[in-house]
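Model, not experiment: these values are computed from the prediction. Here is the naming used below: chain letters follow the sequence lines, and residue numbers restart at 1 for every chain.
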Protein chains: 2
Amino acid sequence: MDRPELGFLLSRLMREVMAREKPILDAAGLEMWDYAVLTALADSDAPTQAQLAAATGRDKTRLIGNLDRLEAEGMVVRQPDPADRRNRIVSLTPAGSRVLRRCREAIEAMEAELLADLDPADRAAFQRALTALVENDR
Amino acid sequence: MDRPELGFLLSRLMREVMAREKPILDAAGLEMWDYAVLTALADSDAPTQAQLAAATGRDKTRLIGNLDRLEAEGMVVRQPDPADRRNRIVSLTPAGSRVLRRCREAIEAMEAELLADLDPADRAAFQRALTALVENDR
DNA sequence: TATTGTTATACTCTATAACTATA
DNA sequence: TATAGTTATAGAGTATAACAATA
């Protein structure tokens with residue numbers, strides 16, 4: 001066949017990455033989206049739920065279930081914004097930070113293994129290109 | 001933040017690619033999965049539905065709706081396999097081939113544009129790495 | 001009995017529109 | 001009136017099990 005299309009390759013690789021992430025997140029009691037939310041929280045500074053929804057590309061109504069669960073498990077807290085009490089500021093708890101760090105380390109190790117067979121120069125170019133493509137489409 | 005994770009980057013890029021494919025497929029009256037099925041058909045040789053399901057990574061029960069629609073629109077035909085009449089052999093019609101070729105050309109042009117800003121060496125390495133990663137995880 | 005394709009069912013995920021409380 | 005967060009509802013997508021025809 002022709003060279004496979006980008007969409008085809010990306011979806012296959014995405015499926016593989018998710019399959020390898022699943023046991024790690026399961027062990028931490030996290031769903032895929034919980035992890036995305038925790039990661040976004042670690043990278044932002046005291047976001048409102050609306051800002052957090054935008055940062056994760058998740059709809060604000062769908063974010064709520066994740067936050068409910070994460071809050072019930074003590075990984076995040078929601079506090080009213082004194083400046084505008086319609087907003088709720090979301091932040092990581094120490095427990096949430098710990099869980100996130102553990103997952104992140106395991107996932108980075110998994111990714112290193114996944115990429116291990118690549119030629120080192122190709123690996124670097126791959127990561128550089130991927131980052132650039134995502135930056136461009138912002 | 002740390003370097004973004006592979007899963008994060010892949011999902012963002014995947015989302016962008018799908019967003020750019022959508023108008024092309026809409027114009028052809030195809031859903032995303034219809035296109036995947038047509039592509040797999042062009043690359044395989046007279047597959048049964050089970051083989052086609054495996055090739056697309058789609059469950060056999062979910063494939064049926066796509067085939068029903070594609071057959072109703074005259075893009076594929078299902079014929080009983082004379083050698084084993086439990087099987088149904090799926091094949092592209094000339095009309096299906098035409099639609100597929102038009103979409104494929106448009107999508108390849110879209111991808112070329114998407115990758116146009118990359119350094120040429122990085123672009124080649126990116127495609128090489130992506131292909132290798134998908135091959136490995138087969 | 002096992003397998004291919006199909007249908008039926010329940011379950012999850014998603015999108016949309018109300019609702020509340022604040023502004 | 002408009003906005004942030006929440007809830008409710010309906011729709012799409014998915015997984016699973018059963019079924020008919022054939023081997």
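Geometrically, B/R62 does not engage B/W33 in a cation-pi contact defined by less than 6.0 Å to the ring centre and at most 45° from the axis.
Evaluation of the ring-ring contact (aromatic ring centres under 6.0 Å, His included) test over residues 111-135 of chain A, restricted to residues two or more places apart or in two chains, returns A/F126-B/F126.
Following rounding to the nearest Å, B/R78 (CZ) and C/dG5 (C1') show an atom-to-atom distance of 9 Å. As rounded to whole Å, 15 Å separates atom C1' of C/dT7 from atom CG of B/L67. Between the P atom of D/dA8 and the CD1 atom of A/I64 lies a distance of 11 Å, rounded to the nearest Å. Counting to the nearest Å, the P atom of D/dA12 and the CG atom of B/N66 are 15 Å from each other. Between the P atom of C/dT16 and the CG atom of A/L63 lies a distance of 18 Å, rounded to the nearest Å.
Contact annotation: B/Q49 side-chain N/O to C/dT6 OP1/OP2 distance is under 4.0 Å.
Between A/R123 and A/L115, the shortest heavy-atom distance links the atoms NH1-O, 2.9 Å. What you find for B/T56 and B/A36 is that their closest heavy atoms are CG2-O, 3.9 Å. Shown here for B/I64 and B/R78, the closest heavy-atom pair between the two residues is O-NH1, 4.3 Å.
Residues A/V77 and A/Y35 fall into different hydrophobic clusters, defined by Ile, Leu, Val, Met, Phe, Trp and Tyr side chains chained together at heavy-atom separations under 4.5 Å.
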Legend entry - Base versus backbone protein contacts along nucleotides 16-23 of chain D [heavy-atom cut-off under 4.0 Å; B, S, -]: BB----BS

Legend entry - Where protein sits on nucleotides 9-14 of chain C, one letter per nucleotide: B base, S sugar-phosphate only, - none, heavy atoms under 4.0 Å: -----S

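The neighbour count for A/D26 CG, taken as heavy atoms of other residues, nucleotides or ligands under 6.0 Å away, is above 12. By the neighbour-count criterion of 12 heavy atoms within 6.0 Å, atom CE of A/M32 is densely surrounded, having more than that number from other residues, nucleotides or ligands.
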